[in-house]
Amino acid sequence: MSQNTVTKLLSEYQPFPFDLEMVRLDFQLDPKATQVRARISMRPLRAAAPLELDGEGLVLRKISVDGRVLARTEYSQSDTGLVIHAAALPAQPFMLETEVEIAPASNTALEGLYMSKGMYCTQCEAEGFRKITYYPDRPDVMARFHVTVSGAGPVLLSNGNPVVQEAGRAEWLDPWPKPAYLFALVAGDLVAHSGSFTTMSGRAVALNIWVRAGDETRCGFALEALKRSMTWDEQVYGREYDLDIFNIVAVDDFNMGAMENKGLNIFNSKWVLASPETATDGDYERIEGIIAHEYFHNWTGNRITCRDWFQLCLKEGLTVYRDQNFTADMRLGPVKRIEDVMALRARQFREDRGPLAHPPRPDNYKEINNFYTATVYEKGAEIVGMLRHLVGEEGYRAALDLYFERHDGQACTIEDWLQVFEDSSGRDLRQFKRWYTDAGTPRLTITDSFKNGTYTLDFEQKTVPTPGQDDKPPRHIPIAVGLLSPQGRDLIETTILEMTEARQSFVFEGLAERPVPSILRGFSAPVELDFAPEAAPDLAFLLAHDSDPFNRWDAGGRLALQTVVAMAQGGAVDPSYSAAIGALLKDGAADPAFSALCLHLPAQDQIAQALHEAGKSPDPEAIYQARETLAQALAMAHEAALSELYEAMAVTGPYRPDPEPAGRRSLRLATLSLLSRIDGGARARTLFDAADNMTESLAALGLCVSAGVGVGVGEAALAQFRARWQGDRLVMDKWFNTQLIASKPDQALSRAQSLVQDPLYDWKNPNRFRSLMAGFSANHAGFHRQDGEGYRFYADWLLRLDPLNPQVAARMSTAFETWARYDLQRQSLMRAQLMRIAQTEGLSRDLSEMTARMLG
Ligand code: 0A1
Ligand code: ZN
């Protein structure tokens with residue numbers, strides 16, 4: 001069977017028949033010929049078991065057992081590993097020793113040991129360790145690691161605590177048993193921005209952020225965020241750090257955001273480095289969140305890890321949930337919740353509706369790297385939030401305490417996790433478990449009635465079939481509900497209704513008049529709501545009065561979506577929406593960050609989805625026009641109030657990334673976005689010239705491009721920005737990205753085509769590739785041009801990247817996941833590109849699995 005067709009099944013899990021006591025690794029680094037010597041002490045757990053070791057792209061120099069070099073007949077080797085026959089192995093504990101050679105300089109996939117700008121670094125999750133040495137590369141095999149590194153430097157880092165640090169050589173010992181995916185090594189010419197932290201039991205921990213010389217002035221914010229994360233995990237979860245040192249390294253070439261290697265987190269430099277001139281408010285918030293996420297993995301992921309990769313959401317869902325709560329505590333909680341739900345709907349709901357839908361715990365895969373998805377991460381986090389609703393605040397803390405107590409040092413499953421909640425709360429979670437095993441977003445349809453003081457809410461839940469899962473039994477859904485009086489007063493405390501049946505009614509008695517329901521407060525479950533016509537809520541009323549900030553915002557969003565969907569089909573601006581926005585602009589009590597979120601119009605992709613669900617095929621050009629017309633109409637109707645706010649929200653004094661000034665800037669920029677639709681980009685141009693921070697500078701740049709009508713307003717701003725920032729890789733990523741998102745749809749492709757000729761377009765760097773390609777595909781009407789040339793351009797680049805970096809190519813291929821929404825012509829154009837990719841000779845396993853799933 002070829003590598004591209006092997007499917008791994010959850011049902012076929014088998015424990016590994018050996019215990020690993022200690023792993024000693026010795027690296028002699030060399031760009032073309034790094035020598036890796038591994039000495040692993042093993043204890044057989046079953047008689048006569050062969051020893052299966054993973055290994056890819058390794059040149060085997062030597063293999064011995066207890067010092068005896070193995071004969072060629074005593075083991076078999078393949079492209080994917082090596083099996084030592086049972087007869088060659090002692091029945092007692094033994095020492096396996098291997099020596100292999102690898103070439104980090106030619107590793108373009110950025111998985112295993114590779115080089116980034118002269119520096120050695122590793123990425124082992126999920127299955128990269130097998131590109132470093134022969135090993136049982138699976139998360140349930142945990143061992144202590146002792147690592148020696150020489151041959152490069154001067155800085156030589158690995159996991160755990162330093163044992164020996166001398167010129168040209170270092171030894172590290174990690175006392176905590178860990179799976180190989182948490183192994184890390186870094187070597188190169190680095191400088192540290194350092195600090196320290198004293199844990200709750202008084203242990204002093206040295207903190208370092210390692211970067212290339214010149215970047216050390218941009219590490220201050222990340223270091224403080226790390227300290228805040230360490231304190232929060234102690235205070236909120238009672239979790240303390242467990243080594244003498246915590247190192248973070250920033251690298252420019254990295255496939256993902258960051259990685260939680262034990263004691264040695266490796267970060268995409270984009271999510272560490274920040275200065276007011278180069279990072280936006282959004283970047284600062286993300287940096288804080290990602291630093292926290294990786295740090296929190298120390299307990300949820302590292303101390304307690306996953307038994308196999310099917311259980312990925314065990315560590316990721318919980319850790320995302322923890323980092324979301326951390327950010328909510330550091331910043332404005334309700335605003336953070338709205339941002340998280342926006343991202344969930346944009347990415348996870350989209351995934352759940354298409355051909356790539358999969359359960360948070362999948363039961364089969366070909367390439368695990370394709371499952372680092374919004375479903376595993378963000379929906380995984382929502383499931384943890386639902387559990388908390390079901391067992392309550394104290395119940396949640398008790399469950400987590402039991403989880404850490406019972407499973408510390410183990411590799412666990414979703415079953416273990418749910419058992420902890422069952423045991424600590426006494427609740428039966430068998431039906432709840434479907435959230436982990438079933439794909440798809442349930443839709444709740446709501447009707448209501450009022451009679452003699454009794455108000456009844458009727459819910460019906462339905463989940464449409466997803467690939468491989470036709471049958472969708474009802475789920476256990478916590479629905480947070482409030483009831484408002486017609487004057488907007490809360491009539492009851494927010495109540496969690498537990499829905500478990502396909503149809504279910506809930507009754508509220510003793511009400512003087514018909515209440516206005518506020519359903520799914522705080523977005524208590526990742527479901528969609530449909531209101532039967534007679535139960536349709538007065539959205540403008542909710543936007544004005546709901547005491548739940550999430551539902552206030554959501555009511556405004558629904559109103560906006562209804563309006564713009566109608567407009568994309570030839571309708572006019574809904575005056576009640578415009579009036580509601582007018583009221584919002586006058587609401588002096590609202591938090592600026594919240595108001596800013598209410599002013600954001602639905603994304604074009606969301607409008608397209610809504611049209612598809614209404615049984616229409618979305619016309620990208622009409623969607624773009626409808627959204628522009630709506631923005632323009634709002635700007636004209638409320639010009640005075642918007643201008644006033646624009647001025648009032650100006651922030652004076654030196655830039656600070658804190659929530660308060662960031663909120664004011666976000667409202668200021670939201671008003672600017674609307675005003676630019678009627679001033680030809682004049683205000684944006686003025687702000688672009690005056691801005692002393694990247695938040696305003698970048699937003700203004702985008703608006704100069706999208707709204708600039710004067711001679712070359714956009715082009716001039718782009719040229720000026722490029723001239724100023726051409727030496728800064730992170731800022732230049734923004735330059736590529738922003739102009740594509742902001743381009744007029746009919747100019748997006750030609751702009752993208754000329755940008756790929758730019759000498760600064762280093763397409764082998766994942767950040768640069770993504771900034772350009774994701775910018776282009778986010779230009780909805782530009783990507784979906786009717787002639788299909790957008791699709792072809794995009795597919796060309798995926799095919800070019802795939803042989804070098806399959807992981808990034810596969811992730812980026814999701815731009816095509818929505819093909820089935822569109823008209824037949826676009827469908828066939830998109831499918832043709834997917835087919836062209838799928839049929840390409842030598843395609844990676846990553847991209848071939850993705851295209852096959854998308855083609856269905
Ligand atoms: N565990 C990391 C994410 C990650 C996953 C895979 C990677 O390379 C294939 C890198 C990072 C996290 O959740 O942050
Ligand atoms: Zn993670």
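First listed ligand is number 1; within each ligand, the first listed atom is number 1. The basis for the numbers below is simple: all heavy atoms, side chains too, and nothing from hydrogens, waters or symmetry mates. For clarity, every value in this text was computed on a predicted model and none was experimentally measured.
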Asks: Of the backbone and side-chain N, O or S atoms of Glu316, does one lie nearer to the Zn ion (ligand 2) than 2.8 Å?
Replies: yes

Asks: So how far is it from Phe769 CZ to Leu801 CG, rounded to the nearest 0.5 Å?
Replies: 4.5 Å

Asks: Lys227: what forms a side chain to side chain contact (heavy atoms under 4.5 Å, CB included) with it, not counting sequence neighbours?
Replies: Phe197, Leu207, Leu223, Glu224

Asks: Any side-chain to backbone donor/acceptor pair from Asp244 onto Asn161? Under 3.5 Å, distance only.
Replies: no

Asks: Could you pull out the atom name of the N/O/S atom in His293 that is nearest the Zn ion (ligand 2)?
Replies: NE2

Asks: How would you list, by chain and number, the residues with a heavy atom under 4.0 angstrom from ligand 1?
Replies: Gln123, Glu125, Met256, Ala258, Met259, Glu260, His293, Glu294, His297, Lys315, Glu316, Asn369, Tyr372, Tyr377, Gln807

Asks: Could you list the residues that satisfy side chain to side chain contact (heavy atoms under 4.5 Å, CB included) with Pro139, not counting sequence neighbours?
Replies: Pro179, Tyr181, Trp309

Asks: Does the pair Val236 and Phe326 meet the rule for a side-chain contact (heavy atoms from CB on, under 4.5 Å), with working shown?
Replies: CA-CA 9 Å; Val236 180; Phe326 165 77; over 6 Å; no

Asks: Going by salt bridge (charged side-chain N to carboxylate O under 4.0 Å, His left out), name the residues that satisfy it together with Glu294, two or more places apart in sequence or in a different chain.
Replies: none

Asks: How far apart are the closest heavy atoms of Leu429 and Leu387, and which atoms are they?
Replies: CD1-CD2, 3.9 Å

